[in-house]
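Computed over heavy atoms, backbone and side chain alike; hydrogens, waters and symmetry mates excluded.
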Amino acid sequence: MPVSKNNTLLHHMNALKEKKRVFENAFQGVARMILESQIEKVVVNGKTIYDFSIFRTGRKHVIGMYDEINSFVSYVKDAAEGGSSSEMAFVLVGEPGNGKTFFVDFLCSRYREFLSEKKNRKYSFRFNNLDKIGKYGKIHTIESQTYEDPAILAMNLFENINDNKTFLGKTVGFSDKSIESLFYYYRPLGACSGYIWNDIREYTNGKIEDMLSFVEIVPVPLTESLGTVTGKYSAKDKMTSSAIDLLGEESIQRLLHISDTNNPYRFDLRRGALARVGGGGIHFSDEIYKNKKDLVQVYLGVIQNRNIEMDGFKWPLDTLIIATSNNSEFNRFLSEKEEAPIVDRCRICYVSHNTNYILQRQLTNYAIGTEARTTLTREDLHQDPNLNYAASVAVVLTRLAKSEKLTPVETLKLTAGEVAGEKSIKTLAEVIDTLNQDPVIVNRFGQKGLGQRNLGRAVQLLIESSETNEGKCMFAYDVFKALERIVLDYVTDANDRKKYIEDLKTAKGLYRERIMTEMFNAYMDEPHAIRKDVMSYVNMIIGIDAENLGPDRMWKYRDPQTGELKALKIDERYIASVEERLGLKTKEQRDTFRTSIRKIYGQRISLNPDYDFMDNLELVKAVTDVRLKSDIAGAGSLVGALANRTNEENQKLYDRMIQTMLQKLNYCTTCAQKTIEYFCTQEDEN
């Protein structure tokens, strides 16, 4: 059967010359895919770092992992440029449930999408009409077992390398410069392709036109389930795993057809995981150090030489090898000194848990799920608007190491890029540097704590509890009980357990402060009431020294958020009350605080006109306290009014607040009542 004109080797090489198709190795392909995406600079924990938009797109994308992604991009780029990384595997080491496997799966998915674009497609070749030769029985067509690129065949058409260069120059029209850049990536054909090509040469008496009539160019299949282009090998137990799973084995079926016992095609390489990704693919080895020693030795050979070797035959591979491992397996492997060569061939990247509670909110959404949840009786299950915050803050606090320089709350705020009193991001950077000097990996910053799987389990416990099903609502405060149960059931180290329980208490304190703000917003019948009051304080201390301040204490200013001219009355009593709540007793302390607020305002507002100081928890708490505990007549405070609903006025206030919570603040009846009930108690007050 004649080969279609569009599937010939010459057509492919012409398309390559005209840049309609590409010839690049796995490292170059992945590097191009990442670096062609939008690249931004972000500041993470006091360090400027790059962020690549390709990892931030899609319904369920990678969250955080800035250092790890930068390490990976740097590794791939170095390998693409012919650096030492091209002879190494990239290994992600870390605690379970911190996103290692998710990252690799996401990368593989993006790579398949990248290759599905017409210009980026991978091609390979097959030999047709082999039954004419007489040595292959009833085998008519044979595909390149390792999906070699047609350009590799074009560089090996003749036995003499100079003849190949001449042929590409005269017949295809490649310039000398193009030929040189093409042959820079020269590698020989795999054993079976080379052997079959030699048989074709003998059969056609070396006539290149007749030889090429046997060749058909085919696209490499991108179907994930076939394991081509991106393949995964998970560590199995010692009895069932074998080198065959990676390399392949001799095929009895093929031996029934092939008369020449020296023919390397008798080996079925596609039986193994490596050959299927040999044409510019990604091989993912999950829990690489759990494999038995002989398999790890196979990996050593493949990583270093990028070859599959069987019975003296060689098949060159073009593969990016990524692996994962948990800390305990990796440490066990390191302790066996004779295994040093394999670790020497790996670029180790230690993956930490996410320590930014604002980013954690997206991860918590993954754990809670995006589908509408229902109770066991199939009724709609409501989600408390504070649930995500409570869960995110709680798990992130467990991941933050103790430090003498910073309190857990200060560390929590600084890692999220927020204001933490007088403590600066520089202090956090120093703390992280000190912790990261520790030779014991799990003692480093963010390496220990409750992972994403533990958070998922806590959400499961929350949903299955009778309170949740009876009230038809996932009440935020209940997530602390669920997390406590997870700590007791799944954390084996006593010191870790003790620390995590303390962290949960801190998280409850932060939750309480958030509830204070929510209650004030509900009381004022305005979702952003507290935000407005905080900005009023900020604008008042900016305007208090203004030259155009009249005797009526009215100050006119242009709002940077809207550009409108506004008038504000400077209320010195209100300013004094807020500063008193902040514990600023002397004039010097008040002046220092005001200067710091003005400085922050000047720095932030130029970058983000919508900046509202709501991340400054001390200031928010002080404003909330002033408004809640001094502005409400009758029972002396809102707590008193809500707790004692014996008179009609208090009952009306309670009903009005419930209505505001239901209609404007996304609460349901259950979580609105429970939140007010919790607000009226003295629990978890810092």
- Query: When you look at Leu320 and Tyr75, which way does the side chain to side chain contact (heavy atoms under 4.5 Å, CB included) test go after all the steps?
  - Reply: CA-CA 11 Å; Leu320 162 59; Tyr75 157 81; 3.6 Å; yes
- Give the intermediate values and the outcome of salt bridge (charged side-chain N to carboxylate O under 4.0 Å, His left out) for residues Lys177 and Glu180. CA-CA 5 Å; Lys177 191 179 176 185; Glu180 282 310 307; over 6 Å; no
- Item | Asp176, CG: over 12 other non-hydrogen atoms inside 6.0 angstrom | no
- Task: Determine whether more than 12 heavy atoms belonging to other residues, nucleotides or ligands lie under 6.0 Å from atom CD of Gln253.
- Result: no
- Would you find more than 12 non-hydrogen atoms of other residues, nucleotides or ligands less than 6.0 Å from Arg453 atom CZ? no
- Query: Which pairs pass side chain to side chain donor-acceptor pair (under 3.5 Å) with one or both residues in residues 182-195, sequence neighbours excluded?
  - Reply: Gln28-Tyr185, Glu148-Ser193, Asn156-Tyr186, Tyr195-Asp260
- Message: Less than 6.0 angstrom separating the ring centers of Phe330 and Tyr289, yes or no?
- Response: yes
- Message: Any non-hydrogen side-chain atom of Thr230 less than 4.5 Å from a side-chain atom of Val277?
- Response: no
- Who are the side chain to side chain contact (heavy atoms under 4.5 Å, CB included) partners of His140, not counting sequence neighbours? Asp131
- Item | Set of salt bridge (Lys or Arg N to Asp or Glu O under 4.0 Å) partners for Lys448, sequence neighbours left out | Asp496
- Note on the structure: Sorted by chain and residue number, the side chain to side chain contact (heavy atoms under 4.5 Å, CB included) partners of Gln362 (sequence neighbours excluded) come out as His61, Ile63, Leu359
- Message: For the OG1 atom of Thr146 and the CG atom of Leu317, what is their distance to the nearest 0.5 Å?
- Response: 6.5 Å
- Task: Applying side-chain hydrogen bond (donor to acceptor under 3.5 Å, both in side chains), name anything that partners Glu117, two or more places apart in sequence or on another chain.
- Result: Asn120
- Query: Just one of Tyr66, Phe90, Tyr50, Phe55 clears the ring-ring contact (aromatic ring centres under 6.0 Å, His included) bar with Phe72, so which one?
  - Reply: Phe90
- Query: So which of Leu9, Leu153, Asp149, Leu10 actually passes side chain to side chain contact (heavy atoms under 4.5 Å, CB included) with Ile217?
  - Reply: Leu9
- Message: Among residues at least two apart in sequence or on other chains, which ones pass salt bridge (Lys or Arg N to Asp or Glu O under 4.0 Å) with Glu24?
- Response: Arg32
